[in-house]
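Report on the structure given below.
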Amino acid sequence: MREHKFGMIKEKAYAKINLGLDVLRRRADGYHEVEMIMQTVDICDDLTFEKSDAQGVHLTIEGADLPADGDNLICRAAALILEAGTVTEGVRITLQKRIPIAAGMAGGSADAAATLRGLNRLFGLGYSMQELRELGVRLGADIPYCIEGGTMLSEGIGEILTPLSSPPACHLVVVKPDINVSTAFVYGNLKADSLPFHPDIDGMAEALSQGSLKGITDRMGNVLETVTEKAYPIITDIKERMRNLGAENALMSGSGPTVFGICKEKETAERIAADIRKRDPSGAVFVTAFHGGAQERL
Ligand code: ATP
């Protein structure tokens, strides 16, 4: 079929980590009510969007073995916004995948959010950020946050978002061991009514507003570790190594298995990364930094 070249739109989909993650309760409908401090990090997927004469959504993926059909969150997000905007034209999408998959870094949600932003621009649909969030939550609880990213308190099932002050500059070492953890397994095995601890999310928000790195690292906590660490002790090992080698603190992100360590000096993050790569070359290891989300994209 003949193809016309229209303008190409590019979007970056940034991964997130959780500086704090608390679960308040399990609702009757099965969703969990959460309090999470979300933070984008400088690890991203690249997406491109182009109008096409061919009907429907055509996705090409580089860098990962993922379904490129209707199961992919990108295709689901595209179908949702095109239908809402009564767009009948086709679209070609490419994904360059770099964010580790099933890692607790919201890679799929970030791609879906980038798709909503990209197609909103490509077809001039005029949806506000709030409207994109409302579309996104129909596909996944982390998608509303991923629309803008940055530093946010996420409550409810993830749809109530409050922007927070960015953390002070520091360096991160991010390690995804070579195991895949299903988010459904972790939430399914969480004893939400009898958690042994609750991280101080309000104190963390306060520490962010004061720009206190120590206030932040002292309060890092994730109740999902109670499930994932028990099933995968490698997570505990990585956290301990990070702390022993000079990280201010280390924590599992989301439902895991990714672990991040916060370091004051880049050399410390690089030393930890080198040590972990040597011990377990099968995992993915990044030395990176926090990213400001939409504010930094402007
Ligand atoms: P979260 O932190 O939101 O739980 P995650 O990092 O644990 O996310 P994802 O990388 O988003 O997990 O992937 C979860 C599952 O979603 C994968 O097993 C994959 O098959 C499916 N998936 C669908 N679309 C995508 C996509 N574009 N990128 C990654 N995974 C996708």
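What you see is a predicted model, and the numbers here were worked out from it, not measured in a lab. Numbering of ligands and ligand atoms starts at 1, following listing order.
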*Which of these, S255, S253, G108, C75, has its nearest heavy atom closest to atom 11 (O) of ligand 1?*
G108
*Could you tell me whether atom 16 (O) of ligand 1 has at least one protein heavy atom nearer than 4.0 Å?*
no
*Got the closest protein heavy atom to atom 23 (C) of ligand 1, with its distance?*
L73 N, 3.6 Å
*Please check if a non-hydrogen protein atom sits closer than 4.0 Å to atom 26 (C) of ligand 1.*
yes
*State the CG-CZ distance between L172 and F260, to the nearest 0.5 angstrom.*
7.5 Å
*Is the shortest distance from atom 29 (C) of ligand 1 to a protein heavy atom below 4.0 Å?*
yes
*How far apart are the C-alpha atoms of T94 and T60, what are their side-chain angles, what is the distance that settles it, and do they pass the side-chain hydrogen bond (donor to acceptor under 3.5 Å, both in side chains) test?*
CA-CA 5 Å; T94 66; T60 311; over 6 Å; no
_V181 N/O to ligand 1 N/O under 3.5 Å_ = no
*Distance, nearest 0.5 Å, that separates OG of S52 from CD of E89*: 9.5 Å
*Protein heavy-atom partner closest to atom 31 (C) of ligand 1 - residue, atom, separation in Å*: L66 CD2, 4.0 Å
_Please report whether ligand 1 has a polar contact with G104, defined as an N or O pair separated by less than 3.5 Å (distance criterion only)._
yes
*Pick from L116, L132, V137: which one makes a side-chain contact (heavy atoms from CB on, under 4.5 Å) with I143?*
L116
*With a 4.0 Å cut-off, would you call K230 and E225 a salt bridge?*
no
*asked:* Does the residue K97 have a heavy-atom contact with ligand 1, meaning some pair of atoms that are separated by less than 4.0 Å?
replied: yes
*Among protein heavy atoms, which sits nearest to atom 10 (O) of ligand 1, and what does the distance come to when rounded to 0.1 Å?*
A102 N, 2.9 Å
*asked:* Contact between L161 and L153 at the side-chain level, heavy atoms closer than 4.5 Å - yes or no?
replied: no
_Candidate with minimal heavy-atom separation from atom 2 (O) of ligand 1, of G254, A106, A103_ = A106
